[in-house]
Structure formats: C-alpha cells, structure tokens
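The chains referred to below are lettered A, B, ... by the order of the sequence lines, with proteins before strands, and numbering in each begins at 1.
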Amino acid sequence: MRRPRQKRPPVRPARPALTAIQPVVYVLLLALLFASGGLALLRAFGLFVWLWDAYGSVYLFLMLGYSWFVLILVCMDDMRPRVFPAYAGERMTVLIPCYNESPALLKRCVKSVVAARGNKRIIIIDDGSSNGVRPYARTLAREHGIRIHCFNRNRGKREALHYAVTRLLEDEDFIITIDSDTVLDKDALIRVVEPLKEPDIAASTGDVRLLNEHQNLLTTMIASYYWIGLNVYKKAQSALGTVVCCSGCLAAYRSDVLRANIRKFVKQEFFGERCTHSEDRHLTNLVLQRDYRVVYVPAAISHTETPATLKGFLKQQQRWKRGYTRECLYTLSYAWRNRPLLFLQILLWDLTIPFFSFGLMLAIVGTLLTRPWAVLALVPSWTLCMLVRNIPVLFHARGKLRGLFLYMFFYEFFLYWQSIYALFTVRNKSWITR
Amino acid sequence: MISRPVLRWTMSFCLLSVYTAALIASQSLPAVTQATLTDAAVVHQADAANIRIPWKPQEILRDLIKRMPLLLPILLPHVS
C-alpha cells in the first residue's frame with residue numbers, strides 16, 4: 001500500500017568540527033599512557049610514592065564517577081521508558097552489503113529479512129565477492145524479488161553503502177543496514193524504525209544476540225560482553241539520545257539524514273589516510289554531529305554469529321578498538337559544541353580510563369610475574385567490582401554471570417592490551433579478518 | 001506497594017553506595033593507603049609499608065576477608 005510521504009523539516013546542518021582537537025587529544029593520550037607507566041616504574045623503586053597514591057585516587061574516583069553516571073542513566077531509562085509512535089506502514093529499504101559471505105548464512109539472513117514485518121524493499125550489494133557467493137545471491141534475489149548490484153572488485157563496505165544510497169534508493173522514509181550474516185526477528189524492522197518517526201531522532205539501533213552463544217566458553221563469554229555492552233552501556237547512552245554506535249548488525253537511519261551524510265561518510269580520512277573500518281560508528285557520529293538524537297531499541301532484536309576461535313575474536317576486536325579510538329577522537333571534535341555530556345563521557349572515561357590505568361596494569365603484571373599467587377588476592381575484589389558496575393545483570397540476565405566472570409579475566413589479560421596496541425596502530429586500515 | 005523495578009534500583013543504588021563508601025573509607029586511612037592503592041595493586045611492595053603479605057593459599061584466603069575493602073580500589077574491569 002502506497003502511503004503519502006510525510007513532510008519533514010529540512011535536514012539540520014552539521015556542527016562544524018574542530019579537527020585540531022584530534023591530534024591534540026591523541027598526543028595527550030600518549031602522554032597519559034607514558035606518564036602512568038612511568039609512575040608505576042618509579043613507584044617500584046620507591047620514588048614519588050605520594051604521586052602514585054594521588055594517581056590511584058584520581059583513577060578510583062574516575063571509575064566510581066563513571067559507575068554512578070551509567071547506573072543513573074540506565075535507571076532513568078528503566079523507570080521511564082520512552083514510548084515511540086507506532087509504525088504505520090512507512091516505506092523502508094533494507095541494505096545488505098555482502099562480501100565473501102557464506103551462502104548458507106546469506107540465505108538465512110535474506111529469508112529472515114523477507115519474513116520480517118514492514119513495508120520494505122531489499123537491496124543486496126555484492127562487494128566483489130570471490131568465494132562463489134555471487135551467483136547464489138543472484139538466485140536468492142530472483143526468488144524473493146530483491147534488487148541486487150554487484151561490484152567487479154572489492155571496494156569496501158563504505159563504497160557499497162554509498163553506491164546504494166546515491167544510486168539505488170527511491171523515496172523511502174527509512175533506510176536500514178544489516179550485515180549479511182544477521183538474522184532478524186519478525187518485528188525487528190518495524191521496532192527499529194519507530195523512534196525515527198520523532199523529529200529529533202535520526203538513527204536507531206537494536207539488540208544483538210548470538211546464535212552461537214553456547215558453542216564454547218569463548219562464545220558464552222562474548223554473549224555476556226554483548227549483553228553488558230548493549231543493555232548497560234548502550235542503554236545508558238540512549239537515555240541521553242547519544243548512542244555512539246548503531247551496530248552494523250541492525251541500524252536504521254532517516255533517509256534524508258543518511259543522504260545528507262553519505263558523501264562525507266565515504267570520504268572520511270584520519271591523519272591523511274582514507275578510513276575503511278568502523279563505518280557504523282562513523283555514520284552514527286555524523287548523525288550526532290547534526291544535532292539529532294540516536295537511540296537504542298531493545299525490542300528490535302537481531303541475531304548474529306561471533307568468531308568462535310580466540311584468533312578470530314581477537315582480530316575482530318583489534319579492528320573495533322582501532323575504530324573506537326579514532327571515532328572517540330572524532331566525537332570530541334564536534335561534541336564540545338552540542339553534546340557536553342557526551343564530550344565529557346568520551347574524554348574522561350572512554351578515552352582516558354584505559355590509558356590512565358596503564359600504570360596500574362603494569363603494576364599488576366609485575367606482581368603476577370613475581371608472585372603468581374597474588375591473582376588469588378585479586379579475584380574476589382575484581383568480581384565484586386564487576387558485579388557492582390554491572391548490577392543490571394543480577395536482575396535481568398543471571399545466566400550471563402558465568403560469561404561475565406570469564407570476560408573479566410579476558411579483558412585484563414587480552415583486550416586491555418589490545419586497546420593499548422590499537423592506540424599506536426590507529427591509522428592502520430587493514431580489515432584484518434579479510 | 002513498592003514495584004519490582006523500584007525495589008531493584010533501590011537495592012542497586014544501596015549496593016553502589018556501600019561500595020563507594022568502602023572505597024572512600026579506604027582512601028581516608030593514611031596508614032593503609034599504601035596497602036590499598038599501591039601495595040594492593042603492587043602486592044609485593046607491601047613490604048615497604050611493613051605489611052606482611054601471606055603467600056600460602058589458605059593464608060591468602062583468610063587474609064582476604066580482612067583486606068577485602070582495601071583491595072577494592074585496584075579493580076580494573078572495563079567494558080569498552
């Protein structure tokens with residue numbers, strides 16, 4: 001049923017970015033890292049003990065402040081959940097960029113999108129796949145009346161989205177992007193676009209669950225990490241309308257806002273290098289930069305598979321962490337004008353804490369190397385801290401506790417150090433997993 | 001009648017308050033400062049503060065109960 005297009009106000013202009021902030025903060029982060037590491041070394045020789053104490057206190061209060069900040073926001077969101085206007089047949093297009101996807105996963109993805117409710121059109125963009133999935137995608141497209149466009153060579157997800165938005169769209173209200181291995185719930189599409197009917201919201205994202213959660217201990221742990229990331233941290237950001245990343249698994253944008261951003265999106269550079277990865281986070285940044293709100297919708301549920309091997313997961317994380325640092329720096333360049341709380345959150349916590357805590361982490365490693373039994377002394381307090389900081393798990397997802405416990409160690413011994421490595425390789429644009 | 005969400009969040013903030021108070025208390029005790037932010041983080045350095053650290057598992061467990069609040073500040077789990 002064709003519905004008359006609703007008149008919308010013109011797209012808001014982007015807030016000018018103060019790009020000089022990026023190199024300045026980057027240098028400050030390096031300085032923070034070396035200062036905190038240096039302090040740990042000095043303390044080991046009994047020097048500047050008072051400074052080490054002060055450093056520890058600052059770190060402690062930053063952590064406490066962040067815990068309070070996050071839990072207050074999640075509480076606000078829980079106690080007064082925002083009700084969005086109901087979906088009423090607005091037109092939407094689902095974009096599925098695909099590169100060397102397994103035919104079975106692509107089929108599962110397409111079938112779930114076809115079955116999902118909503119007045120939708122589906123477009124597959126094959127980004128130069130070389131694994132034989134292309135003919136399979138063409139067959140699927142023919143069977144389900146889906147439009148497909150194929151690149152002759154691999155050009156990257158940004159180029160695929162750019163091509164689709166500039167050449168293949170019609171007059172839809174909303175554009176939804178999903179990964180080619182995402183499986184959607186029946187109501188995922190209509191739930192994720194409902195917030196976009198409000199004039200101040202231009203992007204939204206949904207819950208991501210793992211299809212292979214119970215495959216092994218690693219995937220159990222990753223499922224807990226996803227749950228916390230979405231239902232504690234993303235929920236807290238959503239209370240302020242500043243979700244910083246509409247996940248590639250399921251993200252919805254108002255079409256006029258996406259069109260206005262797409263050129264800038266495809267041309268993004270960082271320290272002179274063309275950016276390829278973390279496109280979902282950058283697209284979200286561009287929406288926030290235009291003074292729109294970005295929200296998280298727990299009822300819009302998608303499913304995906306996570307790497308089930310340590311090597312695969314670490315590679316994925318490495319890519320994400322590089323994008324995380326780069327995009328945090330980008331956020332700072334505009335948020336100081338229009339999103340003061342987001343600016344403080346990124347500056348004081350998201351960026352500062354991992355690098356500020358480097359000295360403490362070195363100290364712990366030193367301890368564990370010389371006295372491995374000390375880990376026993378740390379476990380109960382780590383556990384308590386983890387539980388206090390992620391209290392909603394106790395009430396809503398006790399089944400995730402085992403995975404969270406594993407994640408606690410995994411973070412300290414692997415993921416933390418990846419953040420540090422990512423700081424030094426932030427310009428690296430390789431896809432790694434490809 | 002208190003609703004379940006209100007009860008949950010009241011409990012949550014009580015827990016967070018107790019946790020915060022424990023951390024702040026550990027900061028305000030100069031005699032044990034080194035045993036918290038320095039020597040608990042760098043446990044082997046506790047010798048410098050004349051605090052004997054037990055290294056047998058059963059001693060550690062017994063000691064943990066006493067030292068629990070003092071160990072809190074070194075907790076480092078982050079979710080990024």
Interatomic distance, OG@B:S12 vs CD1@A:I72, rounded to 0.5 Å, equals 12.0 Å

Please examine the side chains of A:W68 and B:T20, heavy atoms only from C-beta on, and report whether any two atoms are closer than 4.5 Å. yes

Any side-chain heavy-atom pair of B:L16 and A:S67 under 4.5 Å: yes

Residue pair A:F395 / B:M11: nearest heavy atoms and the distance that separates them: CE2-CE, 4.2 Å

Bottom line for A:V232: the part with an atom under 4.5 Å from chain B's heavy atoms is neither

Just wondering, do A:M79 and B:V6 contact through their side chains at under 4.5 Å, heavy atoms? yes

Can you list the steps and then say if B:Y19 with A:L64 is a side-chain contact (heavy atoms from CB on, under 4.5 Å)? CA-CA 9 Å; B:Y19 179 69; A:L64 274 176; 4.0 Å; yes

How about A:R402: does its CZ atom have over 12 heavy atoms from other parts shown lying under 6.0 Å from it? no

Closest heavy-atom pair, A:L71 versus B:W9, reported as atoms and distance to 0.1 Å, is O-CZ3, 3.7 Å

